[in-house]
There are 2 protein chains.
Amino acid sequence: MFKDAFVTETPPVKTPARNRRPLTLRDVSEASGVSEMTVSRVLRNRGDVSQATRERVLEASKELGYVPNKIAGALASQRVNLVAVIIPSLSNMVFPEVMTGINEVLDETPLQPVVGVTNYNPEREEKVLYEMLSWRPSGVIIAGLEHSDAAKAMLKAAGIPVVEIMDTDGQAVDACVGISHRRAGRKMAQAILKAGYRNIGFLGTKMPLDHRARKRFEGFTEALAKEGIEIADREFYEGGSALAKGREMTEAILKRTPELDFLYYSNDMIGAGGLLFCLDQGISVPGQIGLAGFNGVELLDGLPRQLATMDACRAEIGRAAARIIAERSAEDGESGGGERIELTPKIQPGDTLRRR
Amino acid sequence: MFKDAFVTETPPVKTPARNRRPLTLRDVSEASGVSEMTVSRVLRNRGDVSQATRERVLEASKELGYVPNKIAGALASQRVNLVAVIIPSLSNMVFPEVMTGINEVLDETPLQPVVGVTNYNPEREEKVLYEMLSWRPSGVIIAGLEHSDAAKAMLKAAGIPVVEIMDTDGQAVDACVGISHRRAGRKMAQAILKAGYRNIGFLGTKMPLDHRARKRFEGFTEALAKEGIEIADREFYEGGSALAKGREMTEAILKRTPELDFLYYSNDMIGAGGLLFCLDQGISVPGQIGLAGFNGVELLDGLPRQLATMDACRAEIGRAAARIIAERSAEDGESGGGERIELTPKIQPGDTLRRR
DNA sequence: TACGCTTATGTTAGCGATAAAGATCGCCTT
DNA sequence: AAGGCGATCTTTATCGCTAACATAAGCGTA
């Protein structure tokens with residue numbers, strides 16, 4: 001592709017002098033001797049263009065190194081093939097997997113995801129959303145059901161498909177795909193009780209804005225309460241390496257409350273840290289103490305013992321959300337809306353939850 | 001923010017009937033009784049607008065829930081505040097950290113990163129790049145120095161700042177920020193030799209397209225060769241949980257070549273797996289066998305023993321790259337170009353590389 | 001031969017914003 | 001009192017592309 005034009009070495013400190021203004025359709029049109037419209041048709045594979053012209057145009061376009069200007073295209077056609085994806089974080093393993101699911105589906109469509117990160121901060125979420133909506137995307141996939149009033153208003157007013165993901169415990173603006181974290185918490189509590197554990201500790205994060213962790217915790221305590229049991233102790237962390245924090249917290253909580261016989265971690269990473277700590281200390285797992293985490297991250301496969309956990313269906317959530325957007329933006333009629341998909345996470349007992 | 005307008009509950013299955021067409025500057029202009037231009041000025045904080053008008057416009061805009069159309073704005077002003085960030089993967093811990101560094105810097109500017117993922121696939125990279133360039137971003141940050149000819153041509157022709165990150169071993173299109181992986185491999189080899197290890201095994205990934213891993217390997221073997229030593233055995237993996245693969249590979253290589261006294265892993269995750277395996281087996285580390293990985297991921301902090309590794313300066317690479325783009329797009333003169341920043345990774349000997 | 005029909009291409013009029021230059025108005029200066 | 005000036009706003013002309021309609025040429029057929 002236009003190799004010849006640019007073989008010169010880049011001078012050490014200056015950008016290669018490139019005073020030519022960016023190429024437009026007109027340049028290609030002139031180079032190939034047809035109208036701009038025809039070039040546009042060729043480049044988008046639209047309408048009838050003779051094979052001969054098509055080839056001529058493609059060649060000219062390649063020759064020049066023309067890259068269409070989607071900004072102008074989008075403005076003219078009132079169509080933008082972008083999907084805004086708004087998530088709290090990229091660094092905790094769970095969202096990258098959701099992204100993978102989204103990509104998997106969108107790859108088969110003309111749509112393209114654009115990611116925005118909020119750091120679990122509602123103000124940032126609002127800003128990111130505003131920013132993204134100002135590009136008039138074809139749809140929005142956004143994590144969680146909790147948003148500021150302004151954010152909700154924007155989502156509703158945008159007039160595009162909106163899918164809220166990860167969580168189904170609450171009222172969605174439009175569609176939603178996820179699991180019930182409250183239910184997930186309850187189910188884990190039931191499994192723990194059924195296994196005969198009674199002195200249960202909880203270890204989680206300090207983030208009051210991680211609503212899904214909160215809901216799991218609520219579901220968890222609720223199910224315990226139903227059997228007349230209360231959490232015996234709890235421990236929270238913030239920042240730092242989750243694995244290391246898991247160790248520290250486990251040490252601290254066991255020192256403070258040695259009679260604990262089960263530790264429920266709000267995510268797998270700290271759970272793994274806890275597991276490593278127990279093994280180091282020669283604490284028998286799951287005999288003396290049982291452990292469980294949440295998420296079903298791949299990492300767990302490599303641990304000395306398999307941590308009990310619950311799969312959060314991350315990739316499938318991504319896939320389902322993308323499918324909703326893709327379908328609705330295909331049939332451009334004001335058709336669907338309000339889809340609600342609740343997936344069911346399964347407990348993976350692993351080796352740290354004794355069975356009976 | 002326009003709470004009153006949308007308090008109605010969403011009907012269960014249909015999108016709220018919203019036949020109003022998307023809002024434009026004209027709507028705000030009519031609602032506030034000034035020209036579109038004035039509204040535009042207010043919304044961008046440009047030029048002189050009286051306090052009274054400003055307030056009136058802002059109120060009307062809020063009332064209506066107007067979100068500016070950046071597509072139109074960008075076309076008119078020939079300015080796009082987007083920075084294309086093109087990376088191979090989101091799932092391996094290293095790029096999210098680079099992203100964090102980028103965000104940190106760009107947050108203080110009007111620029112916004114847009115991420116594209118290539119999955120270490122050159123064709124995909126080319127496509128993603130084309131797609132991104134068609135939005136006419138203000139700059140490109142792209143991982144690696146190896147790109148298809150077409151991709152390189154596009155980068156040069158785009159006429160915008162381009163920063164190639166992670167790697168400095170090669171010829172950059174424009175600017176570049178990273179570390180020398182070849183050098184990193186050499187340094188680790190030297191440290192290993194200095195510690196007295198002689199039977200060295202290498203464990204890595206099967207990806208022929210991970211050029212940085214390849215260069216580390218080359219540097220590594222080169223430095224060994226200088227001392228007349230060759231790699232005694234090697235093992236490669238692909239796919240699956242890196243931690244688990246690290247275990248498996250370690251078991252396999254030690255079974256095949258029991259006399260190995262050092263294992264060099266191409267990333268920390270498999271290194272951690274190897275470490276866990278050795279500890280499980282009661283192999284004395286670093287006495288009987290030494291271990292080292294690469295990257296300096298946070299995860300390592302929580303392991304029973306600290307894996308020797310080398311920090312890849314991920315966040316700093318992101319920051320430096322973003323700074324280059326930000327600076328160049330501020331002073332819009334065709335100023336800089338060709339910056340080259342080579343960071344120096346430091347060995348973190350941890351507990352798995354014996355000292356003498 | 002003229003008519004309709006298909007296929008291939010060109011023309012015109014925006015899309016929704018912004019840059020740049022022009023219009024108003026009150027107020028000060030000399 | 002005429003001119004000048006700054007502050008505030010409006011007008012006009014794009015930006016690069018595409019939808020929708022218009023045109024032209026070729027061909028079979030009544």
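The sequence lines fix the lettering, A, B, ..., with proteins before strands; numbering per chain opens at 1.
At whole-Å resolution of the value, CE in A:M37 and C1' in C:dA13 are 13 Å apart. Rounded to an integer number of Å, the gap from A:D48 CG to C:dA8 P is 5 Å. In this entry the distance linking CG of B:L23 with P of C:dC15 reads 15 Å, nearest Å. Atom CG of A:L25 is separated from atom C1' of D:dT18 by 9 Å (rounded to the nearest Å). Following rounding to the nearest Å, B:Y66 (OH) and C:dA17 (C1') show an atom-to-atom distance of 7 Å. Rounding to whole angstrom units, CG of residue A:L133 and P of C:dG16 are separated by 16 Å. Residue B:N81 contributes atom CG, which lies 15 Å from atom P of C:dA17 at whole-angstrom precision. Here D:dG16 presents its P atom at 10 Å from CD of A:E36, a figure rounded to the nearest Å.
Residue A:R46 places no side-chain N or O under 4.0 Å from the OP1 or OP2 atom of C:dT9. Taking 4.0 angstrom as the limit, B:R79 places a side-chain polar atom (N or O) nearer than this to OP1 or OP2 of C:dA19. Taking side-chain N and O atoms only, B:T53 has no distance below 4.0 Å to OP1 or OP2 of D:dT8. At least one side-chain nitrogen or oxygen of A:Q78 sits closer than 4.0 Å to the OP1 or OP2 atom of C:dG16. Side-chain N/O atoms of B:T24 include none lying less than 4.0 angstrom from OP1 or OP2 on C:dC15. In this model, the phosphate group of C:dA19 is approached by a side-chain N or O of B:R44 to a distance below 4.0 Å at OP1 or OP2. Between B:S35 and D:dC9, a side-chain N or O to OP1/OP2 separation shorter than 4.0 Å is absent.
Each of B:T38 and B:L75 was assigned the nucleotide of DNA chain D with the nearest heavy atom; the assignment lying further toward the 5' end belongs to B:T38. Where B:A76 and A:A74 meet DNA chain D, the nucleotide closest to each residue was compared, and B:A76 sits on the side nearer the 5' end.
Shown here for B:D167 and B:C176, the closest heavy-atom pair between the two residues is O-SG, 4.1 Å. Considering all non-hydrogen atoms of both residues, B:D174 and B:G338 come closest at OD1-N, 2.8 Å.
A:S77 comes within 4.0 angstrom of the backbone, heavy atoms only, and of no base. A:N69 comes within 4.0 angstrom of sugar-phosphate atoms only, judged by non-hydrogen atoms across all strands, and of no base. Residue contacts shown for B:R41 include a base, since a base heavy atom lies under 4.0 Å away.
B:H147 and B:E164 form a side-chain donor-acceptor contact under 3.5 Å, judged by distance and modelled atom types alone.
The side-chain heavy atoms of B:I160 and B:P137, taken from C-beta on, include a pair separated by under 4.5 Å. At a threshold of 4.5 Å between non-hydrogen side-chain atoms, the residues B:T24 and B:N69 do not count as touching.
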